[in-house]
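Excluded from the calculations below are hydrogen atoms, water molecules and symmetry mates; all remaining heavy atoms, backbone and side chain alike, are included.
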Amino acid sequence: MALELPRPILQGRKALVVGVANDSSIAYGCAQAFRELDAELAITYLNEKARPHVEPLAQALGAPIFMPLDVSVPGQLEAVFDEIGRTWGRLDILVHSIAFAPKEDLQGGLLDCSADGFSKAMDVSCHSFVRMAKLAAPLMRDGGTMFAMSYYGANKVVPNYNVMGPVKAALEACCRYLAFELGARNIRVHAISPGPLKTRAASGLKDFDRLLNDAAQRAPLGELVDIMDVGYTCAFLATPYARRLSGSTLYVDGGVNIVG
């Protein structure tokens with residue numbers, strides 16, 4: 001059956017983007033791509049220190065909802081979804097693009113990762129997506145699309161990725177299980193696995209520049225991806241053109257993942 005699609009294709013859709021830290025953030029690329037297709041945006045910032053870096057971006061994108069969100073602070077997550085419910089009454093797209101591990105646990109090997117550090121990394125980087133999904137689902141009355149950002153190190157060992165490898169593996173598994181549980185509500189869930197990008201979060205990884213250079217050399221397409229490559233992929237997946245896609249991990253890496 002042919003699809004009758006509006007132009008711009010995401011016109012009227014409401015998107016919550018969590019994880020914009022600056023104009024190099026993957027989340028910002030997603031927000032830009034959604035806005036290009038005329039979706040309305042809700043954007044969050046981590047704390048008052050981050051606000052000056054994020055607020056001008058939210059204003060440029062015309063986001064009517066702009067709120068603080070630290071998922072480790074009780075009540076902040078619920079406050080964001082309460083505001084979405086009051087302002088929009090619905091939600092169509094959710095982007096979870098946040099991750100954290102204490103520096104000493106991230107830069108040490110997995111054997112040396114503390115229980116507290118592992119728990120913190122899992123809570124912020126993985127379980128917070130489950131909590132967001134639970135709050136978002138009732139607002140996705142006509143279906144919707146949810147995204148979480150992963151990395152190749154979830155499935156293969158990447159030197160110096162350390163504790164984030166098991167954490168991202170858990171996140172990808174959560175995406176599959178959420179896709180299964182939410183499918184009956186016409187809610188699709190995707191794990192997106194970008195290639196290495198120069199983001200603030202990635203700067204905490206040891207020898208990250210070496211990882212970037214290796215990815216560029218190994219990519220069949222011969223170059224690194226950027227935040228807009230990730231954003232356009234998510235924008236496509238949020239449209240009816242991708243209406244039967246759900247539960248997979250999609251690599252946006254120029255083909256690096258296929259090279260042994």
Side-chain angles (χ1 to χ4, degrees), residues 17-34 46 50 53-54 57 95-110 113 117-118 120-122 124-126 128-129 147-175 190-237 248-260:
V17 180
V18 176
V20 177
N22 52 44
D23 61 4
S24 298
S25 301
I26 290 172
Y28 181 56
C30 294
Q32 288 186 92
F34 296 146
L46 179 61
H53 302 285
V54 184
L57 305 177
V95 174
H96 175 284
S97 186
I98 56 174
F100 174 79
K103 185 175 181 178
E104 60 274 18
D105 294 295
L106 177 63
Q107 295 193 341
L110 185 60
C113 182
F118 192 94
K120 182 71 170 178
M122 189 67 76
V124 173
S125 311
C126 179
S128 65
F129 180 58
F147 301 97
M149 297 299 154
S150 186
Y151 177 60
Y152 181 73
N155 297 289
K156 298 290 183 179
V157 173
V158 174
N160 300 315
Y161 201 52
N162 303 328
V163 65
M164 292 309 299
V167 169
K168 292 293 190 180
L171 179 63
E172 290 186 8
C174 285
C175 288
H190 299 288
I192 306 297
S193 187
L197 288 160
K198 290 185 178 181
T199 64
R200 181 181 178 186
S203 66
L205 297 174
K206 184 180 178 182
D207 295 331
F208 182 69
D209 286 342
R210 185 183 302 174
L211 193 65
L212 282 173
N213 292 334
D214 179 65
Q217 292 172 6
R218 294 172 61 221
L221 292 182
E223 57 187 359
L224 296 170
V225 297
D226 59 34
I227 62 172
M228 292 309 300
D229 294 318
V230 182
Y232 289 137
T233 298
C234 292
F236 158 70
L237 291 168
S248 297
T249 298
L250 293 100
Y251 291 93
V252 187
D253 64 358
V256 173
N257 72 92
I258 68 172
V259 180

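- Between the CG atom of Asp226 and the OG atom of Ser24 there is a distance of 10.5 Å, given to the nearest 0.5 Å.
- If you take CD1 on Ile26 and SG on Cys30, they are separated by 7.5 Å, rounding to the nearest 0.5 Å.
- The OH atom of Tyr28 lies 14.5 Å from the OG atom of Ser97; values are rounded to the nearest 0.5 Å.
- No donor-acceptor pair under 3.5 Å is formed between the side chain of Lys168 and the backbone N or O of Asn155.
- Within the 4.5 Å cutoff, side-chain heavy atoms of Met149 are placed close to those of Val95.
- Using cut-offs of 30° and 60° for the angle between ring planes, the Phe147 and His190 rings count as parallel.
- Between Asp105 and Lys120, every side-chain heavy-atom pair lies at or beyond the 4.5 Å cut-off.
- To the nearest 0.5 Å, the span separating CG on Asp229 from SG on Cys234 amounts to 11.0 Å.
- When every heavy atom of Ala121 is checked against every heavy atom of Ala101, the shortest pair comes out as CB-CB, 3.8 Å.
- Phe118 and Cys113 get closest at one heavy-atom pair: N-SG, 3.7 Å.
- Judged purely by atom type and a 3.5 angstrom limit, Asn162 uses its side chain to pair as donor or acceptor with the backbone of Asn160.
- Contact between Leu57 and Asn22 at its shortest, heavy atoms only, is CD1-C, 3.5 Å.
- Closest approach of Leu224 to Pro196, counting heavy atoms only: CD2-O, 4.3 Å.
- Val18 and Ala27 get closest at one heavy-atom pair: O-CB, 4.1 Å.
- For the pair Cys175 and Ala148, the tightest heavy-atom approach, listed with the atom from each and the gap, is SG-CB, 3.8 Å.
- To the nearest 0.5 Å, atoms OH (Tyr251) and OH (Tyr151) are separated by 10.5 Å.
- Atom CD1 of residue Ile192 and atom NE2 of residue His96 lie 13.5 Å apart, to the nearest 0.5 angstrom.
- A donor-acceptor distance shorter than 3.5 angstrom exists from the side chain of Ser193 to the backbone of Tyr152, with no hydrogens or angles considered.
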